[in-house]
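Along the sequence shown, residues carry numbers from 1.
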Amino acid sequence: MDPNDYYNQYASIYFENTVNLDVSDIMRPFTAHLEEGASVLDLGCGSGRDSLTFLEMGYDVTALDGSEEMCSLASIHTDLDILHMQYDDLDFNEVFDGIWACASLVHLEKSKLPGIINKISKALKPGGIFYMSVHKGNFEGTRNQRFFAEYTKNELKDIFEAFPELGIEDIWVTEDVRLKQGGQEWLNLLVKKRY
């Protein structure tokens with residue numbers, strides 16, 4: 001099933017399961033690089049949970065998602081106009097101080113990730129900060145009705161070597177906040193646009 005079809009079908013359940021999760025620990029390293037009133041793109045905003053947090057912190061937030069149903073729910077939750085857009089359609093030129101992709105690039109085929117990172121790089125202002133989280137591991141394929149791609153630290157480092165303007169600030173591992181014990185580990189990546 002196409003991930004957007006999945007999230008359209010299960011939007012209400014996904015919203016309920018994610019809207020109240022506390023991701024403040026992984027958000028702090030990202031927001032530490034942002035000045036007051038900074039422009040932030042929430043890439044694949046899902047429920048709008050993080051968009052609302054960024055709004056409450058005083059940032060100028062743009063949010064988008066590929067699922068029309070998720071856009072509707074996120075719009076109600078945040079009172080923002082959520083852009084219904086696919087990652088392939090990203091076309092911003094040095095607009096954002098920060099781009100936040102929390103658990104949103106996990107359904108992208110590995111071969112497509114460099115092209116999307118290129119679009120993200122173009123959308124970032126020089127000095128801007130980019131955060132992404134992906135599943136840690138070696139799997140690529142369909143699981144639970146959706147396509148997933150997992151990565152190792154070295155894979156991510158190799159991918160970003162093709163983008164000299166993007167310098168890796170940090171890569172760290174976290175547990176899934178939805179599970180009290182064990183479960184899927186996440187790789188968190190923080191990248192700064194040098195020029």
Side-chain angles (χ1 to χ4, degrees), residues 3 23-67 70-71 74 78 80-135 149 151 153-174 186-195:
V23 297
S24 54
D25 284 350
I26 58 171
M27 202 176 264
R28 256 184 235 102
F30 174 75
T31 56
H33 289 267
L34 298 174
E35 294 182 8
E36 192 176 335
S39 55
V40 174
L41 173 65
D42 189 355
L43 186 66
C45 68
S47 66
R49 173 198 67 215
D50 300 343
S51 294
L52 185 59
T53 301
F54 291 136
L55 277 171
E56 290 170 346
M57 295 172 90
Y59 299 129
D60 177 17
V61 180
T62 301
L64 66 84
D65 202 274
S67 159
M70 290 310 304
C71 287
T78 62
L80 281 172
D81 290 328
I82 310 294
L83 301 175
H84 177 227
M85 185 185 285
Q86 308 304 320
Y87 303 143
D88 286 337
D89 299 325
L90 283 175
D91 189 21
F92 299 100
N93 187 29
E94 296 187 357
V95 174
F96 302 105
D97 299 300
I99 297 179
W100 177 259
C102 182
S104 55
L105 299 174
V106 294
H107 302 303
L108 202 61
E109 292 168 35
K110 289 187 178 186
S111 61
K112 292 184 177 176
L113 184 60
I116 301 306
I117 290 170
N118 187 49
K119 289 175 178 288
I120 288 167
S121 178
K122 286 180 180 173
L124 268 181
K125 295 177 185 176
I129 196 77
F130 168 54
Y131 167 85
M132 67 181 277
S133 58
V134 290
H135 289 152
Y151 294 85
K153 281 186 181 182
N154 285 337
E155 271 184 292
L156 289 180
K157 286 177 182 174
D158 288 346
I159 289 166
F160 276 87
E161 274 186 7
F163 300 93
E165 78 279 13
L166 299 176
I168 295 175
E169 295 277 303
D170 197 9
I171 302 178
W172 71 102
V173 178
T174 52
W186 291 84
L187 276 177
N188 303 269
L189 182 76
L190 200 63
V191 174
K192 189 155 189 136
K193 187 172 180 181
R194 295 169 169 147
Y195 53 85

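Under 3.5 Å, the side chains of Asp97 and Ser39 contain a donor-acceptor pair of N or O atoms.
Atom CD1 of Ile129 is separated from atom CG of Leu166 by 10.0 Å, given to the nearest 0.5 angstrom. We find the SG-CG distance between Cys45 and Asp50 to be 9.0 Å, quoted to the nearest 0.5 Å. Atoms CG and CG, on Asp42 and Leu52 in that order, are 10.5 Å from each other to the nearest 0.5 Å. Separation of atoms OG1 (Thr62) and CG (Asp81) is listed at 10.5 Å; rounding is to 0.5 Å. Annotation: the span from Phe92 atom CZ to Asp89 atom CG amounts to 10.0 Å, rounded to 0.5 Å. In this structure, CD1 in Ile120 is found 11.5 Å from NZ in Lys193, a value given to the nearest 0.5 Å.
Taking every heavy atom of both residues into account, Ser51 and Thr78 meet most closely at CB-CG2, 4.1 Å. The nearest pair of heavy atoms linking Met57 to Thr31 is CE-CG2, 3.8 Å. Across all their heavy atoms, Trp100 and Met27 have their closest contact at CH2-CA, 3.6 Å. The two residues His33 and Lys192 make their nearest non-hydrogen contact at ND1-NZ, 3.5 Å. Across all non-hydrogen atoms, the minimal contact from Val106 to His135 is CG1-N, 4.0 Å.
Judged by distance alone, with hydrogens and angles left aside, the side-chain atoms of His84 form no donor-acceptor pair with the main-chain N or O of Leu64 at under 3.5 Å. Remark: side-chain polar atoms of Glu165 are not paired, donor with acceptor, to backbone N or O of Tyr195 under 3.5 angstrom. Formation of a donor-acceptor pair under 3.5 Å by the Asp65 side chain with backbone atoms of Met70 is not found in this model. The main-chain N or O of Ser104 is found under 3.5 Å from a side-chain atom of Tyr87 such that the two form a donor-acceptor pair. A side-chain donor-acceptor contact under 3.5 Å links Ser133 to the backbone of Ala103.
Within a 6.0 Å radius of NZ in Lys122, no more than 12 heavy atoms belonging to other residues, nucleotides or ligands are found.
Side-chain atoms of Ile117 and Phe163, non-hydrogen and from C-beta on, do get closer than 4.5 Å to each other. Residues Arg49 and Cys102 have side chains in contact (heavy-atom distance under 4.5 Å, counting atoms from C-beta outward). The closest side-chain heavy-atom distance from Val61 to Leu41 is not below 4.5 Å. For the pair Ile171 and Lys157, the minimum side-chain heavy-atom distance is below 4.5 Å. In this structure the side chain of Phe130 reaches within 4.5 angstrom of the side chain of Phe160, judged on heavy atoms. Taking 4.5 Å as the limit, some side-chain heavy atom of Val173 sits within range of a side-chain heavy atom of Leu187. A heavy-atom distance below 4.5 Å is not found between the side chains of Pro29 and Asp170. Counting heavy atoms from C-beta outward, Leu43 and Leu90 have side chains that approach closer than 4.5 Å.
Ring pair Phe54/Phe30: centre-to-centre distance below 6.0 Å.
A cation-pi contact, defined as under 6.0 Å to the ring centre and within 45° of the axis, links Lys110 to Tyr151.
Put simply, the residue from Leu189, Ile99, Ile26 that forms a side chain to side chain contact (heavy atoms under 4.5 Å, CB included) with Tyr131 is Ile26.
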